[in-house]
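Below is one structure, written out as structure tokens; the observations come after it.
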Amino acid sequence: MPDQGTSISKIDTSPSVDSAAASEQGHVSTLYERLDALRVYAKERLRTVLLETGGTPQARSERESYSNLYNDDIAKYDAAENGLCFGRIDVTGEPPRYIGRVGILDERNDFESMLYDWRAPLARPFYLATPAAPEGVSRRRHIRTRSRRVTGVSDEYLDLDAASAAGVSDGSDGVAGESALLTALDAARTGQMNDIVETIQREQDSIIRSTHRSVLVVQGGPGTGKTAVALHRAAYLLYTYRQQLDKSGVLIVGPNSTFLDYIGQVLPSLGETGVLLSTVGNLYPGVDASREDTVAAAEIKGNTSMIDVLVGAVRDRQELPSEPIPVAFDTYTLTIDSKTVGRARGRARSSRRPHNLARPIFVSAMIDALADQFARIVGSDVLDGSSLLSRDDLADIRDEMRNDPDVMAAIGDLWPELTPPDVLAGLFASPERLTAAAGELGADALEALLRADDGRFSDADAPLLDELAELLGIDDAAEREREQKRWRAQIADAQGALDILTGSAPQDLEDELDPEILMAYDLIDASQLAQRQDGSRRLTTAERAAGDRTWTYGHVIVDEAQELSEMAWRMVMRRVPNRWMTLVGDVAQTGDPAGTSSWQRVLEPYVAQRWKLTELTVNYRTPASIMAIAQDVLTVLDPGASVPRSVRDNGTVPWALRASSASLVATVERRLAEHPRPGLSAVLAGQDTVALLSHLRSDVVVVSTVKDAKGLEFDSVVIVEPADIIDDSPRGMNDLYVALTRATQRLGVVHVRPLPDVLSALDEFTEAAGA
């Protein structure tokens, strides 16, 4: 049971509960009526805005703003429809406070709160109050609804006198809202994560609302609600710091796309739709991380030793010619030799600018050298040896060379303009380039990295592409000049519109106007008007951030943070220079060979000691009987690790079944068929076995590797051949621990190879022995 400052709270289980539900129906119905009215108002206003056309640029801009506002309101009201009101607290000397997904005011009664947003300070006692520290709360009521109808309530009396007056005598020590929580935990999984806004526990709430402004690490074992806490923290921060985070945005990084699909509905259900969700592999814009790396390649790419390799790869593209290169120019033949290139390269490198930004220095030095060479050749044609070229002539020659395709092609080959994908693909596809850049990498590492260039990249490539983007830089001078021209034209158009508005008033009328009356040019200038009309500025924060590699976020949340490699951390940290982050994970579940087993080692290079560790200690997902099996694995991984306490034991017994090689698939099929419905089942196995069992996939059965199931949960789990899972990865024991803790109800193991010793506590039987 979680630590709630635990004391005895009185749970009302009397027949009067039905009458209590009936008494709450009136208020809940009124709340839905108000919600409908708000939704109708927003839709009517949106319809009015959309029907309006024409008008001044300012009017069109205002309509765009209102359209976005009303669309956001409608989305928020729609998201709050299911479970609008889920709680109530009775505070001594005050009217009851109803708690829900959104705040609703009563405009007919001095705009008093009919429903408090769960993130509001006055709603917090719903999650924190205990008999030991009631915070003025005498009773906490959980309200269950379905399709706008109150289906039941459960009361907790935090004041023993109030409990006695209500005739409640049975007590229970435990979680806040025990009945509501256990109902949620026992519900069948659907493949989509649900929010926990109705059942947030004290230790979770303290993390969700933490005011720590650096890196907050949430360490928690399986089933402790790390992901739910992270998502609810995102919603809370957006509610509390709306003005700041609306502009800069919130980024949530998850372990894989399956996980992002799984959590995708949580934030919208909490009324937040402006958060960017991404994997590390998709955090580099424009690259689809669809390639699968070998374990060895992923581990090498994740190490910071790859920085030297990438630096070497870029410098390798700054070439010295092995033989002089002839270049035709104006009927003469010029020569580019290694000495000339070496001097130009030295000047460019000494600028310490990124490769592409140093390229103009290299080109300028080469043009100067070739122009001087041209002047010497022309001068040697004169009998008295005097030069025919003045300083102005040399300047013209340099300009001509810059426009000569042959000259520029020859120079460009020696210091080409590069893109990160081109460099990385070329590096891994060429044994020669990889050897030249390898630095301290050994022969085995080189072999692991080599691959054919098919245009695809892997998750582990994304941080390397991001590092290359820093090493290369972007020479966007031409693009910036085009943007400036476009912006100047837009301002000129806006100024013209203001001039028309100003000139529409007769001069004599303007002279007679009261100076207190404001004209259009008093309210807005041309720059502001042009900015409002700029269509590129109407994208949401998340949409703009997704396409901009250099975007810096106000807050970043990383789930399964223990899986990030050293190179991935460099990538993520570039996106949050203020270092305001929430990291959730469990180092005992680290499955990636490039992942971490120490938060301190990961974070100190970036924030020194300015990070805070918090822990979740209660397992809400995994029944105690299953956790007892997983504990044996955890003891092998870390004998000193503490096991999160399971909040329930559903009475099921985990089992192991030994099958023959020939009957393995049929055995798994049969065991799946025996799992009760409804619910979601998972078959977790090694990569080769997953391919063998892929035909079992359906709407209610997931067949997956442990890596792809990380962060997910299922009603029933069948682990196939655990010995293979251990053997597949250097962190195979960690993967087995993850696999054992995905189930919310039932766990079984089917195996052909001998069962690993760490699973000896399973109730094992053979296929011949039957059920």
Side-chain angles (χ1 to χ4, degrees), residues 204-220 224-242 244-255 259-260 263 266-267 272 274-284 302 304 462-463 466 541-542 545-546 548-587 589-590 592 595-616 711:
Q204 296 171 328
D205 185 84
S206 64
I207 294 170
I208 290 169
R209 301 176 195 258
S210 172
T211 58
H212 187 67
R213 291 302 294 262
S214 186
V215 179
L216 179 67
V217 177
V218 183
Q219 164 76 29
T224 53
K226 299 183 297 295
T227 297
V229 166
L231 296 173
H232 287 69
R233 177 160 172 76
Y236 172 77
L237 293 176
L238 284 164
Y239 175 86
T240 307
Y241 304 98
R242 178 75 63 187
Q244 174 185 343
L245 295 179
D246 262 355
K247 296 177 182 178
S248 56
V250 173
L251 168 67
I252 296 180
V253 180
F259 175 83
L260 296 183
I263 69 172
V266 174
L267 283 168
E272 301 297 343
V275 176
L276 179 64
L277 277 64
S278 177
T279 64
V280 167
N282 291 328
L283 205 50
Y284 187 88
T304 50
D466 202 62
T541 298
D548 185 353
R549 190 194 72 84
T550 62
W551 188 275
T552 56
Y553 295 87
H555 192 84
V556 171
I557 293 174
V558 183
D559 204 337
E560 301 292 349
Q562 77 279 355
E563 300 296 332
L564 267 63
S565 68
E566 293 175 344
M567 292 300 294
W569 280 115
R570 289 174 63 86
M571 182 185 196
V572 170
M573 289 296 180
R574 291 190 188 104
R575 284 148 177 79
V576 57
N578 67 0
R579 300 294 190 259
W580 190 20
M581 308 175 71
T582 302
L583 313 179
V584 298
D586 178 15
V587 291
Q589 297 186 63
T590 304
D592 195 309
T596 188
S597 58
S598 168
W599 297 119
Q600 181 175 348
R601 184 168 62 249
V602 163
L603 295 174
E604 281 197 349
Y606 302 101
V607 293
Q609 300 297 323
R610 300 186 311 278
W611 60 281
K612 178 181 178 182
L613 177 66
T614 60
E615 291 195 65
L616 294 169

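Owing to the predicted nature of the structure, the values given are computational and were not obtained by experimental measurement.
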TODO: Find the distance between CD (Gln204) and NE2 (His232) and round it off to the nearest 0.5 Å.
DONE: 9.0 Å
Open item on the list: Nearest 0.5 Å, please: how far is CG in Leu237 from CD1 in Ile208?
Closed with: 10.0 Å
Open item on the list: If we ignore hydrogens and angles and just use 3.5 Å, is the side chain of Arg579 paired with the main-chain N or O of Met573 as donor and acceptor?
Closed with: yes
Task: Residue of the set Val218, Leu603, Ile557 for which side-chain contact (heavy atoms from CB on, under 4.5 Å) holds with Leu583 - done: Leu603
TODO: Measure across Val275 and Ala542 and return the closest heavy-atom pair with its distance rounded to 0.1 Å.
DONE: C-CB, 4.3 Å
Open item on the list: Can a side-chain donor-acceptor contact be found between Gln562 and Asp586 if the only test is distance below 3.5 angstrom?
Closed with: no
- [ ] With the side chain counted from C-beta on, respond yes when Leu283 and Met571 share a heavy-atom pair under 4.5 Å apart, and no when they do not.
- [x] yes
Task: Pro605 versus Gln600, closest heavy-atom pair with distance - done: CD-O, 4.5 Å
TODO: Ignoring hydrogens and angles, state whether a donor on the side chain of Glu566 or Thr304 is under 3.5 Å from an acceptor on the partner side chain.
DONE: yes
- [ ] List in chain and number order the residues that pass ring pair (Phe, Tyr, Trp, His ring centres under 6.0 Å) with Trp580, two or more places apart in sequence or in another chain; answer none if no residue qualifies.
- [x] Tyr241, His555
Enumerate, atom names and distances included, each donor-acceptor pair closer than 3.5 Å involving a side-chain atom of residues 246-255, sequence neighbours excluded.
from, atom 1, to, atom 2, distance (Å)
Ser248, OG, Gln244, O, 3.2
Ser248, OG, Gly554, N, 3.2

TODO: Indicate yes or no: at least one non-hydrogen side-chain atom of Thr227 is less than 4.5 angstrom from one of Phe259.
DONE: yes
Open item on the list: Ignoring hydrogens, what is the shortest heavy-atom contact between Leu267 and Ala234? Give both atom names and the distance.
Closed with: CD2-CB, 4.2 Å
Open item on the list: Run Met581 and Trp611 through side chain to side chain contact (heavy atoms under 4.5 Å, CB included) and show every step you take.
Closed with: CA-CA 9 Å; Met581 308 175 71; Trp611 60 281; over 6 Å; no
- [ ] Step by step, work out the side chain to side chain contact (heavy atoms under 4.5 Å, CB included) result for Lys226 and Leu616.
- [x] CA-CA 8 Å; Lys226 299 183 297 295; Leu616 294 169; 4.0 Å; yes
Task: Residues Arg233 and Thr582: side-chain donor-acceptor under 3.5 angstrom - done: yes
- [ ] Please answer whether the main-chain N or O of Asp592 pairs with a side-chain N or O of Glu563 as donor and acceptor at a distance below 3.5 Å.
- [x] yes
Open item on the list: Determine whether Val576 and Thr552 satisfy the following criterion, side chain to side chain contact (heavy atoms under 4.5 Å, CB included), listing intermediate values before the conclusion.
Closed with: CA-CA 5 Å; Val576 57; Thr552 56; over 6 Å; no
Open item on the list: Minimum heavy-atom separation for Arg610 and Ser214, please, with both atom names.
Closed with: O-OG, 2.6 Å
Open item on the list: Quick check: do Ser597 and Thr590 have side-chain heavy atoms less than 4.5 Å from each other?
Closed with: no
Task: Glu272/Arg242 salt bridge by N-O under 4.0 Å criterion - done: yes
Task: Worked verdict on Val584 versus Val558 for side chain to side chain contact (heavy atoms under 4.5 Å, CB included) - done: CA-CA 6 Å; Val584 298; Val558 183; over 6 Å; no
Open item on the list: Using side-chain heavy atoms (C-beta onward) and a distance below 4.5 Å, is Val215 in contact with Tyr606?
Closed with: no
Open item on the list: So does Tyr236 get a backbone contact from the side chain of Thr240, meaning a donor-acceptor N/O pair under 3.5 Å?
Closed with: yes
Task: Closest non-hydrogen atom pair between Val556 and Val572, with its separation - done: CG1-CG1, 4.1 Å
Task: Salt bridge flag under 4.0 Å for residues Arg575 and Asp466 - done: yes
Open item on the list: Any non-hydrogen side-chain atom of Thr596 less than 4.5 Å from a side-chain atom of Leu564?
Closed with: no
TODO: Could you tell me the separation between the OG1 atom of Thr211 and the CG atom of Leu216, rounded to the nearest 0.5 Å?
DONE: 9.5 Å
Task: Pairing residues for Thr541 by the side chain to side chain donor-acceptor pair (under 3.5 Å) criterion, not counting sequence neighbours - done: none
